[in-house]
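Scroll down for the structure; my scribbles are underneath it.
Remember, it's 1-based here, ligands and their atoms both numbered in the order they're listed. Numbering starts at 1 and runs along the sequence shown.
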Amino acid sequence: PNHHWCYDDHCEYSPNLWPSLPDSKCGGQSQSPIIITTDDVQEDSSLNSFTFTNFNDKHAIESIINTGHTVMCVLKADTVEVSGGALGHIYSTLQFHFHWGSRSSDGSEHMVNSKRYPMEIHIVSKRKDLTLEDAIQIADGLAVLGFFIESTETTKGSANSSGFGGTSSLSNSTSDAWNKLTAYLTRIKDINDKANFTDEISIDDLLGIVNRHEYYRYNGSLTTPTCNEAVVWTVFKEPIKVDNNLIMMFPDELKYHDVFRPTQPHNDRKIYSTSA
Ligand code: SG7
Ligand code: ZN
């Protein structure tokens, strides 16, 4: 059975009905995304730095797929890994994907205080010692790294931006990587379209110079059905800066937009932050 869920009310299961999908955990007490209220986060000195293995591999991306809910870059198996960052296990990276909005500034899933960013990238990894099937049944089975994406235009010309007269703050390799990635979107316009990824870009190229030491941490869920409460979430504080015309290619080239779940209640959860 193809149970039809979506992010608006133009399908059988809009977000408020996700809890009634078969096998759904979407009505649970530890759901994602959430609003991170900076006044309420608890600083935790045990939140140390990550080890990102093979994030510099320019051949790690195997394919790019339009799932109908997101654009997903699938990685070659057993290549990229994430450890450290107080995770307690080694995690194998499976894929990364995007959440975006329409023409507005909305698009990210997590919010910081009242701010929503235009996009969010999720790098999804599973515990190396478990199958994916087992990992989604256990609280720390998956580790998702979330980075906000902000438009370079936002900071152009501001007091702390680099250069004179609005030079882009993107390095050439980052800009080049985002240009190459977004060039695939026109080839995967229809749902289930898939392209082999042949360009040489690494995850490091896409992340660029963003600070990878300062982040928020909490226990939550997958943000799509069946919303398993199996995710150790890391949301990095500093956004990646990408040119606005490239951000806009997601809603423009794909046939859908506003692919982000409404924020969920914290209930009794604590949100931690790396300490200053
Ligand atoms: C996207 O978000 C896809 C899903 C992902 C889901 O719809 O990337 O992945 C696949 C393989 O379709 O679900 C199990 C999984 O990774 C939820 O991921 S998220 O919580 O990081 N947004
Ligand atoms: Zn996601």
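- For ligand 1, the atoms sitting less than 4.0 Å from at least one non-hydrogen atom of Thr224 are 2 (O), 6 (C), 7 (O), 17 (C), numbered in the order shown with element in parentheses.
- For ligand 1, the atoms lying closer than 4.0 Å to a non-hydrogen atom of Val144 are 21 (O).
- Contact annotation for Val124 and ligand 1: only side-chain heavy atoms (C-beta onward) come within less than 4.0 Å of the ligand.
- Surrounding CG of Asp23 are at most 12 heavy atoms belonging to other residues, nucleotides or ligands under 6.0 Å away.
- For ligand 1, the polar-atom distance check against Thr70 finds no nitrogen or oxygen pair separated by under 3.5 Å.
- Note: Phe50 and Phe236 meet the aromatic proximity criterion, with ring centroids under 6.0 Å apart.
- At a heavy-atom cutoff of 4.0 Å, ligand 1 is contacted by both the backbone and the side chain of Leu222.
- Between Trp100 and Tyr256, a ring centre-to-centre spacing shorter than 6.0 Å is recorded.
- With respect to the Zn ion (ligand 2), His99 has NE2 as its nearest N, O or S atom.
- Only the side chain of Trp233 comes within 4.0 Å of ligand 1, counting heavy atoms alone; its backbone N, CA, C and O stay farther away.
- His97 contributes atom NE2 as its closest N/O/S atom to the Zn ion (ligand 2).
- A side-chain donor-acceptor contact under 3.5 Å links Arg217 to the backbone of Gly85.
- Looking only at N/O/S atoms, His122 comes nearest to the Zn ion (ligand 2) through ND1.
- Residue His99 has at least one heavy-atom neighbour below 4.0 Å for each of these atoms of ligand 1: 22 (N).
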